[in-house]
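Read through the structure below, which is laid out as structure tokens, and then see the notes.
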Amino acid sequence: MKLELEKAYNPGENEDKIYKKWEESGYFNPDNLDLAPDAKSYTIILPPPNITANLHIGHSCMLAIEDLLIRYRRLAGFRALWLPGTDHAAIATQMVVEKKIFQETGKTRHDLGREKLLEEIWKFLKNTQATILHQTKKMGSSLDWSREAFTFDDARQKAVNCMFINMYREGVIYRGERIVNWCPHCHSTLADDEVEYKEQKAKIYTFKYDKAFPISISTTRPETKLGDTAVAVNPKDERYKKYIGKEYKVNFCGQELNIKIISDWTVESDFGTGALGVTPAHSMVDWQMAQVNNLAIIKVINEDAKINPGFGKFSNLSTLEARELIVEELKKQGLLEKEEELINNLSVCYRCGAAIEPLSSKQWFISVDKKLERLGNKSLKEKSIEVAEKGEIKFIPDRFNKRYLDWMSNLHDWCISRQIWFGHSIPIWYKAEEIYCGEIAPEGEGWIKDEDTLDTWFSSGMWTFSTLGWPDNYKDGKKINDLARFHPTQILETGYEILTLWVSRMVMMSFFALGEIPFEKVYLHGTILDTKGKKMSKSKGNGVDPLDAINEYGADALRLSLLMGATPGNDSRYSAEKIESKRNFVNKLWNISRFILSSTDEKYFTTSYLDEPETKTESDKWILSELAGARYATNNYLESFNFSLAAEELNEFTYNKLADWYLEFAKVEKNKEEILIYLLKNLLILWHPFIPFVTETIWDSFNTTLLMVEKWTNNDVLTKNKSWLSY
RNA sequence: GGGCAAUUAGCUCAGUUGGUUAGAGCGUUACAUUGACAUUGUAAAGGUCAGAGGUUCGAAUCCUCUAUUGCCCACCA
């Protein structure tokens, strides 16, 4: 009996059916794999997409690469785990929902109140979560859904609390007064890397505090000068040397100020007047000078970007109003010497675009420099640097090793408290002067919970181990169950844009919780740009919905188009024509199979894919050696993360060797059934990690699943070379 | 200001430690094709590998400088 297949491959008809079959097989869960007892684990934890929006084409790229890696290992007999999840993305999500509510009803979060807003956020996130799940499955992702996690579900909340409490008890988390980046619109602090800079035209004013003061200063923000406690000059500056150390009482626009003249090397003599008014409460640099020189700290601006009480007529004015008034006053008094235009960078909130106010306030911090005895008396920062330097964590491409190290070595303490409503609450309780750290309030009346929430990167920083059952799976300093089997993970695959934001934090968190690295390798993919080479973004409307591409060309074609022609760490462009050409290839593979299956009696279908059949002609010998060569090269390329070259190698074999020549021979020479089936099976196995749907659809003819081909040990690279061990 | 990429055919991109005539896909041109495949086949045209200098028997590949584009980090009051 011979098989008849459709003339052209129809992805739409087959993909959902195949995915269902895979899910029912249970093989996405490594516990169900029939493995050798000593099988090595291969773990990838999916970088959790933010629940702020549906997946875009960049996520498809991530899914295509990770599924390729995991399917390849699964076929090679590894205990392959790919664990899915989503990220609650605290501030980002709150902003999206607030914006949506405001557009629909004109109400702000303050109109709604905390409870109601959170309710709306949950409604929203359930929705996007469902869409993300659907999109992820449509890509063919072989994720173990039985282990699905969410950075804000019960298990992860427990882990976050536990982490915070442990860190607090070891003194790694502390409360401190610092200059923080404050967004007056979001009403929250921002981490340094959540601040963006926008070039703007600003006015820089040069003036004296009062007539008696000897030195002129320049500033773009006269209103902050109400809080000046010093003027700093470069110690080498001949003009000002004689004033250093002196103190002056000045009357600045009706306000009494005590100004000390200090010297600091960071002051540039040729900028402005070469003298800098020091405002410790509203500038990072000035704050540091104040620490060194023991200066008083006067808070001028409050959390609504208004002037604090106690500054006379300026009190309660907005910063801009106060600025105008001061300039006016200075003019009146004849103190204003110059008013020039200047291009500078304004700090703005990466979420809402509002101007950032550097303010001093009480916040929670993670100390990156505190030495921990159990880490060999090294700090989290030192350990994180050490593992990259020693190559215990390897970056692909390796140029990102340098970027990681540069960033790490400049790292300051990490402000983790955020004044937003949606997020992990801080397990801290206050009563008068007392502070208690714990999940539930201690005995006694009057304890008040800290109202702040945690930076979203706190929970996502724990992602490699919170998903594997930490802290329950960590007993007396020992990993058990999933945590023991799957951590550290083998590879983190993500976009290079969150190398510093996320990757670095994961390393520190893992060292604190487990004293070990979270992953052995970090593979960084590039950004998918639009056809013109521009970044895709919602505001530009040039984004692509992966589902549209899948509906038109099939998931396999989309995957292959994202994998081919792309190199690690480099951006690539989205191109419909490219997907189309991959769709054509998928169809070609289908027709190769169709030819072989429909011209071979079904009794040959059981031919082994492991044992090379007997060769009868020169062409047989040739094609088998070509296959062996292609397999060897492909596997080598995959081991070294050259996905594009791996696919090209297979493509060359499939098209130019097998289809163009050998199949033509097969039409003339007879008795090739066994070799043809052998070739087909191996071809499908090799292609499967790239294009799982079509290969599985064809393999269906053999009445087994290709998802996990049992005992596929005929992997030259893995069994003979062991090159993956050394890479 | 510091750093990192990119610059290769009309377009989009490969090119793995330097090694003969630099590759692919798309596009173009010509021809072919009703028994796996028109989502096809065969063939052709098309490149001073951004520029200059250097190292080498030999450079798209290594070094130096320059130019253009993009990105990241820092940020000057």
Side-chain angles (χ1 to χ4, degrees), chain A residues 4-10 192-193 195 197 199 202 204-206 217-222 224-225 228 231-232 264 266-279 282-286 289 342-347 397 399-400 402-403 406-407 410 496-497 499-501 526-527 529 531-535 553-554 557 560-561 564-599 633 636-637 639-648 651-652 655-656 658-660 663-664 666-667:
Chain A
E4 279 302 320
L5 280 85
E6 293 288 323
K7 195 165 176 180
Y9 174 63
N10 184 338
D192 290 350
D193 38 48
V195 176
Y197 296 91
E199 212 168 70
I204 181 160
Y205 304 93
T206 303
I217 57 164
S218 299
T219 184
T220 52
R221 301 200 55 192
T224 64
K225 302 290 106 181
D228 279 14
V231 164
D264 196 293
T266 61
V267 179
E268 289 183 27
S269 300
D270 41 5
F271 187 91
T273 63
L276 159 70
V278 181
T279 320
H282 300 289
S283 153
M284 302 275 182
V285 194
D286 295 10
M289 286 187 202
L342 161 116
I343 306 275
N344 73 352
N345 282 324
L346 179 69
S347 322
R399 66 182 132 94
F400 287 106
K402 191 175 174 294
R403 202 198 273 189
D406 283 350
W407 194 82
N410 289 320
Y496 63 74
E497 73 277 3
L499 174 69
T500 52
L501 233 43
T527 307
L529 307 170
T531 47
K532 289 174 192 148
K534 298 277 176 218
K535 263 192 180 171
Y553 304 107
L560 204 52
S561 80
M564 290 184 81
T567 42
N570 288 346
D571 298 347
S572 55
R573 294 187 193 193
Y574 179 85
S575 153
E577 291 78 20
K578 192 169 167 187
I579 307 179
E580 197 181 326
S581 79
K582 300 311 165 198
R583 189 240 359 230
N584 294 357
F585 172 76
V586 167
N587 190 60
K588 182 77 178 178
L589 184 66
W590 173 263
N591 273 291
I592 289 169
S593 311
R594 181 171 168 239
F595 173 72
I596 294 176
L597 292 173
S598 61
S599 60
N636 262 320
Y637 282 137
E639 297 299 334
S640 53
F641 303 97
N642 288 301
F643 310 133
S644 185
L645 291 176
E648 269 178 51
N651 185 67
E652 165 79 9
Y655 240 102
N656 303 347
L658 183 63
D660 293 351
L663 293 191
E664 294 306 320
K667 287 175 186 170

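All of these numbers come straight from a predicted model, not from anything done at the bench. Below, chains carry the letters A, B, ... as their sequence lines are ordered, and counting in each starts from 1.
- In this structure, A:Arg594 reaches the sugar-phosphate backbone alone: every heavy-atom distance under 4.0 Å involves primed, P, OP1 or OP2 atoms, never a base.
- Going from the P atom of B:rC31 to that of B:rA36 covers 26 Å, rounded to whole Å.
- Place A:Arg403 and A:Tyr9 on RNA chain B by their nearest nucleotides, and A:Tyr9 ends up nearer the 5' end.
- In this structure, A:Ser283 OG and A:Met289 CE are separated by 7.5 Å, a value rounded to the nearest 0.5 Å.
- For A:Glu268 and B:rA77, the CD to P distance is 11 Å, given to the nearest whole Å.
- Between atom CG of residue A:Leu276 and atom CD of residue A:Glu268 there is a gap of 10.5 Å, rounded to the nearest 0.5 Å.
- When heavy atoms are screened at a 4.0 angstrom cut-off, A:Tyr553 is found touching no nucleic acid atom at all.
- Rounded to whole Å, the P atom of B:rA50 lies 15 Å from the corresponding atom of B:rG15.
- Using Watson-Crick or G-U wobble geometry with both donor-acceptor distances under 3.5 Å, B:rA5 finds its partner in B:rU69.
- As rounded to whole Å, 9 Å separates atom C1' of B:rG70 from atom OH of A:Tyr496.
- Below the 3.5 angstrom threshold, one finds a donor paired with an acceptor across the side chain of A:Lys588 and the base of B:rC37.
- Judged by distance alone, with hydrogens and angles left aside, A:Lys667 brings a side-chain donor or acceptor within reach of the base of B:rA36, the pair sitting under 3.5 Å.
- No contact: A:Ala566 has no heavy atom under 4.0 Å from any strand.
- Across every strand in view, B:rG10 sits in a pair with B:rC26 that passes the Watson-Crick or G-U test at under 3.5 angstrom.
- Comparing B:rG35 with B:rG41, their P atoms are spaced 15 Å from each other, to the whole Å.
- Nucleotides B:rA5 and B:rA22 have their C1' atoms positioned 22 Å apart, rounded to a whole Å.
- Take the nearest nucleotide of RNA chain B for A:Asp406 and for A:Lys535: the residue whose nucleotide is more 5' is A:Asp406.
- Here the separation of B:rG3 from B:rU21, taken at their P atoms, is 38 Å to the nearest Å.
- Here the CD1 atom belonging to A:Ile592 is positioned 8.0 Å from the OH atom belonging to A:Tyr655, to the nearest 0.5 angstrom.
- A donor and an acceptor atom never sit less than 3.5 Å apart when one is taken from the side chain of A:Glu6 and the other from the base of B:rA36.
- Here B:rC62 sits opposite B:rG54 as a Watson-Crick or G-U wobble pair (both hydrogen-bonding atom distances under 3.5 Å).
- Straight-line distance between the P atoms of B:rA43 and B:rC26: roughly 15 Å, to the nearest whole Å.
- Among the protein residues, A:Lys582 comes within range of no part of the nucleic acid, since none of its heavy atoms lies under 4.0 Å from any strand.
- At a threshold of 4.0 angstrom between heavy atoms, the contacts of A:Thr219 are confined to the sugar-phosphate backbone, with no base atom among them.
- Counting any heavy atom pair closer than 4.0 Å across all strands shown, A:Val267 reaches a base atom.
- B:rG23 atom P lies 17 Å from atom CG of A:Asn651, rounded to whole Å.
- Here B:rU12 presents its C1' atom at 13 Å from CE of A:Met564, a figure rounded to the nearest Å.
- The partner of B:rG46 is absent, by the rule that a Watson-Crick or G-U pair needs both atom distances under 3.5 Å.
- B:rA67 and B:rG27 are spaced 30 Å apart, taking the C1' atom of each and rounding to whole Å.
- With a cut-off of 3.5 Å on both pairing distances, B:rC37 has no Watson-Crick or G-U wobble partner at all.
- Of the nucleotides present, none pairs with B:rA74 by Watson-Crick or G-U wobble criteria with both distances under 3.5 Å.
- Using a 30° and 60° split on the angle between ring planes, A:Tyr496 and A:Phe400 fall in the parallel class, below 30°.
- At a threshold of 4.0 angstrom between heavy atoms, the contacts of A:Thr500 with the nucleic acid are absent.
- Residue-level contact check: A:Thr527 touches neither bases nor backbone, having no heavy atom under 4.0 Å from any strand.
- The partner of B:rU20, taking Watson-Crick or G-U wobble pairs whose two distances both stay under 3.5 Å, does not exist in any strand shown.
- For the pair A:Asn642 CG and B:rA14 C1', the computed distance is 10 Å after rounding to whole Å.
- The distance from atom CZ of A:Phe585 to atom C1' of B:rU39 is 13 Å, rounded to the nearest whole Å.
- Backbone-only engagement by A:Leu645 is indicated by non-hydrogen atom pairs under 4.0 Å involving sugar-phosphate atoms exclusively.
- Residue contacts shown for A:Asn410 are absent, as no nucleic acid heavy atom lies under 4.0 Å away.
- Straight-line distance between the C1' atoms of B:rU55 and B:rA44: roughly 40 Å, to the nearest whole Å.
- If you take CD of A:Glu648 and C1' of B:rU16, they are 12 Å apart, rounded to a whole angstrom.
- Taking side-chain N and O atoms only, A:Ser598 has no distance below 4.0 Å to OP1 or OP2 of B:rA36.
- In this structure, CH2 of A:Trp407 is placed 21 Å from P of B:rC71, rounded to the nearest angstrom.
- Within 4.0 Å of A:Asn570, counting heavy atoms only, lie sugar-phosphate atoms of the nucleic acid but no base atom.
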